[in-house]
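Structure, as C-alpha cells:
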Amino acid sequence: MSDAGAGSLDFDAALLAAPRPGARRRRRVLVTGSSGMLGSDLVPVLSAAGHDVFGRPHAELDIADAKAVSRAVRELSPDVVVNCAAFTKVDDCETDARAEVVNARAVDHLADACRRHAARLVQISTDFVFDGQKAAPYREDDPTRPLSAYGRTKLAGEEAALRAPGALVVRASWLFGRAGWNFVEAILRQVEGGKTKLSVVTDQLGRPTATPDLSEAIAALLDVGAIGVYHFANRGEVSWNEFAREILWRVGRRDVAIEPTTTEALARPARRPAYSVLDTGKYERVTGRPIRSFREPLAEYLVSRAHPEA
Ligand SMILES: NC(=O)c1ccc[n+]([C@@H]2O[C@H](COP(=O)([O-])OP(=O)(O)OC[C@H]3O[C@@H](n4cnc5c(N)ncnc54)[C@H](OP(=O)(O)O)[C@@H]3O)[C@@H](O)[C@H]2O)c1
C-alpha cells in the first residue's frame with residue numbers, strides 16, 4: 001500500500017507552528033456516518049473539545065453520491081472531514097457490492113472534495129487490513145495483506161484517503177459502543193434470552209476498543225496535527241473467548257458456560273486474522289496520552305447499559 005507517513009512521527013508542521021494560546025484550535029468538522037456506533041460518540045466528543053461539528057447521518061449524506069459529498073463539503077466549508085461511514089457487516093462484504101462502493105470508492109469522492117476545498121480528511125480503518133500471521137503487535141508500517149473483502153475494501157479506502165494532502169488514517173480494532181451492535185451486546189443478549197452455554201473462539205486475538213476512547217483519540221490526533229497512519233486500541237490483548245468471559249464475569253453471570261471453539265469450526269464466510277493486536281506506541285508518543293485498559297470503558301458501558309437514564 002502507499003503508506004504516506006506510516007511508521008514515522010508525522011505532524012503537520014504548519015499546524016504545530018500556529019499560535020496555540022493554551023487552547024485547542026477550534027475547527028469546523030464534518031462527521032459522516034454520524035449515527036453509527038463510532039459517529040454517535042465522536043460528535044459529542046468533538047463538540048466538547050470546542051469544535052463546530054456538523055454530524056451527517058447516512059439519511060442526510062450518502063457518501064457514495066459524489067455530487068452530494070461535493071455539495072456538503074462546499075456548503076459547510078469544513079476544516080476537517082471525519083469519515084465514520086462504512087459498510088461494516090464483515091461477512092456480507094464478501095458478496096455485497098456496497099462494500100466496494102462505500103468502503104473504497106466513496107472515500108475517493110471524499111478525498112476529491114477535501115482536496116478541492118482544502119479540508120483535511122480523517123479516514124477510520126481497521127485491523128482487518130492485516131493477515132494475522134505476525135507474532136507481535138502490528139505497527140503502522142507493517143505490510144498489509146487483508147484476508148477478506150471487508151479488509152480489502154477498507155485498505156483501498158485508506159489508499160484513497162492518503163491521496164488527499166494532510167490525510168489521517170486511524171486504524172482501530174474490535175469496537176464496542178452504546179450506539180451500535182457489537183460483541184458485548186451479542187453476548188449479553190444471548191444470555192438475557194436464556195442461553196446458559198455459549199461457544200466462543202479462542203484462536204483470534206485482539207485489543208477490544210471502546211468508541212468513546214477512540215473518539216477522544218481522534219480528537220487528540222487532530223489536536224497535534226497528526227497526518228499519515230496511526231493505530232489506536234484500548235490496552236489489553238484477549239481472545240474473543242476471554243472477552244466474553246470478562247463481560248459475563250462483570251455482570252455476575254458465572255453460571256454461563258463459555259466453551260472454546262475455533263474459527264474453522266464456525267466457518268464464517270469472511271476469513272479473519274488470527275492475531276490482529278495493534279501497536280499503539282506511535283499514538284502514545286505523538287499525543288503524549290496514556291491508553292486505558294478496555295476493562296475500564298467496558299465497566300462504564302455495562303453501568304450505562306444497566307442505567308440508561310443516568
Ligand atoms: N465495528 C468494529 O468492530 C470496527 C473495528 C475496526 C474499525 N472499524 C471502523 O470504524 C468505523 C466506524 O464503524 P462503526 O462500528 O461505527 O460502524 P457502524 O455502526 O456500522 O456505522 C457505520 C455508519 O455508516 C453508515 N453508512 C453506511 N453506508 C453509508 C453511506 N453510503 N453513506 C453514509 N453513511 C453510510 C451507516 O448507516 P446505515 O446503518 O444507515 O447504513 C452507519 O451509520 C468504520 O470505518 C469501520 O470500518 C469498525
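Just so we're clear, the structure is a prediction, and the values are computed from it rather than from any experiment. Read the numbers this way: they start at 1 and go in the same order the structure lists the ligands and their atoms.
- Of the protein's non-hydrogen atoms, D62 OD1, 2.8 Å is the one closest to atom 31 (N) of ligand 1.
- Of all the heavy atoms of S34, none lies under 4.0 Å from any atom of ligand 1, so neither backbone nor side chain is involved.
- Ligand 1 has an N or O atom lying under 3.5 Å from an N or O atom of Y150, backbone or side chain.
- Atom CD of E259 has more than 12 heavy atoms from other residues, nucleotides or ligands within 6.0 Å.
- Ionic pairing of R250 and E246 is present here: one or more N-O contacts between side-chain nitrogen and carboxylate oxygen are shorter than 4.0 angstrom.
- Atoms of ligand 1 found under 4.0 Å from any heavy atom of A86 (numbered from 1 in listed order, with element): 22 (C), 24 (O), 26 (N), 27 (C), 44 (C), 45 (O), 47 (O).
- Nearest non-hydrogen protein atom to atom 42 (C) of ligand 1 is G36 CA, 3.9 Å.
- Within the listing of ligand 1, atoms 6 (C), 7 (C) sit less than 4.0 angstrom from a heavy atom of T126.
- Taking a cut-off of under 4.0 Å to the non-hydrogen atoms of L61, the atoms of ligand 1 that pass are 32 (N), 33 (C).
- Taking each heavy atom of C93 and A149 in turn, the nearest pair found is O-CB, 3.3 Å.
- In this structure, R272 is not positioned above the aromatic face of F128 in the sense of NZ or CZ being under 6.0 Å from the six-membered ring centre and within 45° of the axis.
- Ion pair R56/E75 not flagged as a salt bridge, since none of the NZ, NE, NH1 or NH2 atoms sits closer than 4.0 Å to an Asp/Glu carboxylate oxygen.
- Atoms CZ and CG, on R26 and D52 in that order, are 4.0 Å from each other to the nearest 0.5 Å.
- Summary of contacts: the protein heavy atom closest to atom 48 (C) of ligand 1 is L175 CD1, 3.4 Å.
- Here is the list of ligand 1 atoms found below 4.0 Å of a heavy atom in A172: 6 (C), 7 (C).
- In the vicinity of A85, heavy-atom distances shorter than 4.0 Å reach the ligand 1 atoms 24 (O), 33 (C), 34 (N), 35 (C).
- Looking only at side-chain heavy atoms (C-beta outward), D41 and L214 stay at 4.5 Å or farther from each other.
- At the top of the distance list for atom 32 (N) of ligand 1, counting protein heavy atoms only, stands I63 N, 2.9 Å.
- Counting heavy atoms under 4.0 Å from ligand 1, residue V102 touches it through the side chain alone.
- Protein heavy atom at the shortest distance from atom 38 (P) of ligand 1 is H58 ND1, 3.4 Å.
- Considering backbone and side-chain atoms alike, L38 places an N or O below 3.5 Å from some N or O of ligand 1.
- Under 4.0 angstrom from ligand 1, the non-hydrogen atoms of K154 all belong to its side chain.
- Separating the CG atom in D142 from the NE2 atom in H231 is a distance of 7.5 Å, to the nearest 0.5 Å.
- No salt bridge links E216 with R292; every basic N to acidic carboxylate O contact stays at or beyond 4.0 Å.
- Between N83 and ligand 1, no N or O atom pair is found at a separation short of 3.5 Å.
- Taking the charged nitrogens against the carboxylate oxygens, E284 and R235 do have a contact shorter than 4.0 Å, which makes a salt bridge.
- Here ring-ring contact (aromatic ring centres under 6.0 Å, His included) pairs that include residues 177-196, with residues two or more places apart or in two chains, are F183-W240, F183-F243.
- Contact annotation: for N103 versus ligand 1, there are no heavy atoms closer than 4.0 Å.
- The nearest protein atom to atom 10 (O) of ligand 1, hydrogens excluded, is given as I124 CG2, 3.4 Å; this is a heavy-atom distance.
- Proximity of C84 to ligand 1, defined as any heavy-atom pair under 4.0 Å, is confined to the backbone N, CA, C and O atoms.
- Remark: atom 15 (O) of ligand 1 lies closer than 4.0 Å to at least one protein heavy atom.
- Contacts of F183 with ligand 1, taken as heavy-atom pairs under 4.0 Å, are absent altogether.
- Considering both main-chain and side-chain atoms, M37 comes within under 3.5 Å of ligand 1 through a nitrogen or oxygen pair.
- Side-chain contact between T287 and D223 is absent, with no heavy atoms from C-beta onward closer than 4.5 Å.
- A salt bridge is absent between D96 and K89: the closest approach of a Lys/Arg side-chain nitrogen to an acidic carboxylate oxygen does not fall below 4.0 angstrom.
- Look at R115 and D112 and you find a salt bridge, because one of the NZ, NE, NH1 or NH2 atoms lies within 4.0 Å of a carboxylate O, short of that distance.
- Of all the heavy atoms of T88, the ones lying under 4.0 Å from any atom of ligand 1 belong exclusively to the side chain.
- Of the protein's non-hydrogen atoms, the one nearest atom 7 (C) of ligand 1 is S125 O, 3.2 Å.
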